[in-house]
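Per chain, numbering begins at 1; letters A, B, ... match sequence-line order. The figures here come from the full heavy-atom set of this structure, side chains too, leaving out hydrogens, waters and symmetry mates.
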Amino acid sequence: MQQQFLIYNTLSHQKELFTPITPGRVGMYVCGPTVYGDAHLGHARPAITFDVLYRYLQHLGYKVRYVRNITDVGHLEHDADEGEDKIAKKARLEQLEPMEVAQYYTNRYHAAMDRLNVLRPSIEPHASGHIIEQIELVQKILDAGLAYVSNGSVYFDIRKYQEETHRYGQLSGRVIDEMLATTRELDGQEEKRFAGDFALWKKASPEHIMRWPSPWSDGFPGWHAECTAMGAKYLGSPFDIHGGGMDLVFPHHESEIAQCVASTGHAPCKYWMHNNMITINGQKMGKSLGNFITLGEFFDGSHKDKDGKEMLAQPYGPMTIRFFILQAHYRSTVDFSNEALQAAEKGYNRLMQAFKTLGSLQPSKESSVDVKGYRQLCYDAMNDDMNTPIVISHLFDAARVINTVNDHKATLTQEDIDELKSVFQIFVFDVMGLRDEASSDNTALIDGLMQMILDVRATAKANKDWATSDKIRDSLSALGIAVKDGKDGATWELK
RNA sequence: GGUCGUUUGGCCGAGGGGCUAGGCACAGGUCUGCAAAACCUGCUACUCCGGUUCAAAUCCGGAAGCGACCUCCA
């Protein structure tokens, strides 16, 4: 089935029909984590958003190469006076090798993403492993006359670039003249010809641990170089989709465009996609603001904020987090609250339970409800710029039908039951990447045991031995198993 | 201060000129030994002020609140 997939392009400020540069193949690049701390809820947003994009493109039949970088050099600590490399600073504090710190947090990032059922990208390049490519990029920009060397550092010449291309600010809507008026005083500004110029290569100060030789100085690459260099290396130039958080639009992505145009003459990619932020009490959740809750804390419910106040009313499973994020459109902000998470948890369980019920539905000769429309409704929602909240709303509608049939108040043929199974499989599991958190390796054994226990209870109930039947139910409840009596006997589920 | 965006029911959140999204919560009902689940019903909202229109939550203008970004935070 050919789908007309519309995606919102930040560059054009409108939804555009997605057509790959090379038929049948898609190259996508997403800005990955800086590995100097544990992933928090904010990191889950782009990971899940672009995981769904990756899954959906593959579902549509594209062969996708998904590149997501690991930033392990070059980004300066915000509050570090000396402009010390983030990784290096953390390493000194903990007496570890910089690469050891990077590896440690990379491993933990992977573990958290695995739990969220985020697929690993096709290629996950490290900035530190692509210094040569970044030096080559800088050299090309110098050769084009759009950068200059100053005291061992190399800066991008914004004003010259603008004269020649008139393209600076096309992504973010930034106007150079306005930037002048709003520029703050910063260290190192005297090396620049223009305050808006950004570093392509930075000379390392003596105490700076992470450094590499270059034609200009011992130093490290500028903050935007890695994505330009690695994107082009692994996806070609231009490639299809570049994604990341909205907070990266300026200066990071604007600078990437400038670097690419300066070095190749054309834009790096066709579509720019940006996910919105997760807020907490209405404010962006971020490392620098100190108001973040790590994913690990969500999973075990152990967070305390800086005042020692407990922010989490309970632990939230990875699938609850995933469902919570998917229940909002990726370009909207989504506000964290216990109420919202709890609502997501219940909704997620309802959907999972409906799918299980679907597997035990008794088929009829005729269907009394029409379920043929759900598939296309879900496709339509996905095709409209990945509108997962709408997909979910259709799945809830289908869940109601399933439950109604289960209550013998409606009927479905085997064909229609299979159709619903297929729709759930595609959209719930394959595309949105949810999975049944309750299922385990011992499923068969537990099912057997539970069947036996429920049989005993059914016998007790038949004998009106309520003491025994209630004892069984209460004991199971204490173990976290809910017994649900229905017309056709009891079923159970993990609470 | 500048740029951009946003403001939807008790809560979360879609939609985006006429066709009451969905989830959660709450209340009533059906079923049930009781409870839970499920199903049915109710709660029917779009920040404010103008304007356009037969018709505005939806378009236009203005105001206010909130947020992101404004060069070394990704």
Looking only at atom [atom1], what distance separates [N] and [M], rounded to whole Å?
N	M	atom1	answer
B:rC48	B:rA37	P	36 Å
B:rA64	B:rA27	P	42 Å
B:rC11	B:rC46	C1'	16 Å
B:rA14	B:rG22	C1'	8 Å
B:rU53	B:rG15	P	29 Å
B:rU8	B:rU44	C1'	12 Å
B:rG1	B:rC59	P	26 Å
B:rG51	B:rG17	C1'	15 Å

Please check if the side chain of [X] supplies one atom and the backbone of [Y] the other of a donor-acceptor pair under 3.5 Å.
X	Y	answer
A:R174	A:F250	no
A:R68	A:G32	no
A:N338	A:A313	yes
A:S368	A:A410	no
A:S128	A:D72	no

* Asked: At under 4.0 Å, does any side-chain N or O of A:R174 touch on OP1 or OP2 of B:rG2?
  ->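 No, because none of the side-chain N or O atoms of A:R174 sits under 4.0 Å from OP1 or OP2 of B:rG2.
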* Hey, is the side chain of A:K284 poking within less than 4.0 Å of OP1 or OP2 on B:rC66, counting only N and O atoms? ->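 No, A:K284 has no side-chain N/O under 4.0 Å of OP1/OP2 on B:rC66.
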* Is it true that A:K471 and A:D474 make a salt bridge, defined as a side-chain N closer than 4.0 Å to a carboxylate O? -> no
* With the threshold set at 4.0 Å, does a side-chain nitrogen-carboxylate oxygen contact exist between A:D485 and A:R457? ->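 Salt bridge flag = yes for A:R457 with A:D485.
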Please tell me which of the listed nucleotides, [options], lies nearest to the side chain of [X]?
X	options	answer
A:D247	B:rA68, B:rC34, B:rA38	B:rA68
A:P251	B:rA38, B:rG33, B:rU71	B:rU71
A:K461	B:rG33, B:rC69, B:rC24	B:rG33
A:D485	B:rC11, B:rC34, B:rG33	B:rC34
A:R350	B:rC24, B:rG33, B:rC69	B:rC24
A:R457	B:rG23, B:rG33, B:rC70	B:rG33
A:K484	B:rG22, B:rA74, B:rA36	B:rA36
A:K192	B:rA37, B:rC34, B:rU71	B:rU71

What integer distance in Å separates [X]:[atom1] from [N]:[atom2]?
X	N	atom1	atom2	answer
A:R68	B:rA74	CZ	C1'	14 Å
A:L351	B:rC24	CG	P	10 Å
A:L361	B:rC39	CG	P	13 Å
A:I325	B:rG13	CD1	P	12 Å
A:E339	B:rC24	CD	P	14 Å
A:R331	B:rC4	CZ	C1'	14 Å
A:F336	B:rC24	CZ	P	20 Å
A:M277	B:rC73	CE	P	16 Å

Assign [X] to base, sugar-phosphate, or nothing according to its heavy-atom contacts below 4.0 angstrom with the strands shown.
X	answer
A:N403	sugar-phosphate
A:I392	nothing
A:V249	nothing
A:D335	sugar-phosphate

* Roughly how far, to the nearest 0.5 Å, is the CG atom of A:D197 from the OG atom of A:S255? ->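 So the gap between those two atoms works out to 10.5 Å.
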* Structure fact -> Here the gap from A:E191 atom CD to A:K202 atom NZ, rounded to the nearest 0.5 Å, amounts to 5.5 Å
* Asked: Does A:D470 get its side chain close enough to the base of B:rG33, under 3.5 Å, for a donor-acceptor pair?
  ->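 Such a pair exists between side chain and base.
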* **Base of B:rA35 paired with side chain of A:R473 (donor-acceptor, under 3.5 Å)** =>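 In this structure, the two groups form a donor-acceptor pair.
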* Looking at A:D385, A:N383, A:D384, which hits side chain to side chain donor-acceptor pair (under 3.5 Å) with A:K15? ->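 Only one of A:D385, A:N383, A:D384 forms a side chain to side chain donor-acceptor pair (under 3.5 Å) with A:K15, namely A:D384.
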* Counting only heavy atoms not in A:Q362, do more than 12 sit closer than 6.0 Å to its CD atom? ->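 It does not: A:Q362 CD has 12 such atoms or fewer within range.
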* Do you know which of A:W272, A:Y29, A:Y271 makes side-chain contact (heavy atoms from CB on, under 4.5 Å) with A:I241? ->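 So the option named by the test is A:Y271.
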* Passing candidate, side-chain contact (heavy atoms from CB on, under 4.5 Å) with A:E256, options A:P251, A:C31, A:C269 ->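 Testing A:E256 for a side-chain contact (heavy atoms from CB on, under 4.5 Å) against A:P251, A:C31, A:C269 leaves exactly one candidate, A:C31.
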Interface polar pairs with nucleotides 27-31 of chain B, N/O, under 3.5 angstrom:
none

* Using Watson-Crick and G-U wobble pairs whose two distances are both under 3.5 Å, how do you write the pairing of RNA chain B as dot-bracket, with | for links to another strand? -> (((((((..(((.....[...))).(((((.......)))))....(((((..]....))))))))))))....
* 5' precedence on RNA chain B between A:G32 and A:M246 (nearest-nucleotide basis) ->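 Residue closer to the 5' terminus by nearest nucleotide: A:M246.
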* **Residue closer to the 5' end of RNA chain B, A:D397 versus A:N406 (nearest nucleotide)** =>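 Nearest-nucleotide comparison on RNA chain B picks A:D397.
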* **Aromatic A:Y148 / basic A:R193 pairing, under 6.0 angstrom, 45° off normal** => yes
* **Aromatic-base stack, A:W466 on B:rG33, cutoff 5.5 Å, angle under 30** => yes
* Please report the C-alpha distance between A:V101 and A:V35 in whole Å, then the side-chain angles of each, then the deciding distance to 0.1 Å, and finally whether the side chain to side chain contact (heavy atoms under 4.5 Å, CB included) criterion is met. => CA-CA 8 Å; A:V101 174; A:V35 282; over 6 Å; no
Between protein and nucleotides 14-16 of chain B, what N or O pairs are separated by less than 3.5 Å?
unit_1, atom_1, unit_2, atom_2, d
B:rA14, OP1, A:H329, N, 2.6
B:rA14, OP1, A:S332, OG, 3.1
B:rA14, O3', A:N387, ND2, 3.3
B:rG15, OP1, A:N387, ND2, 2.9

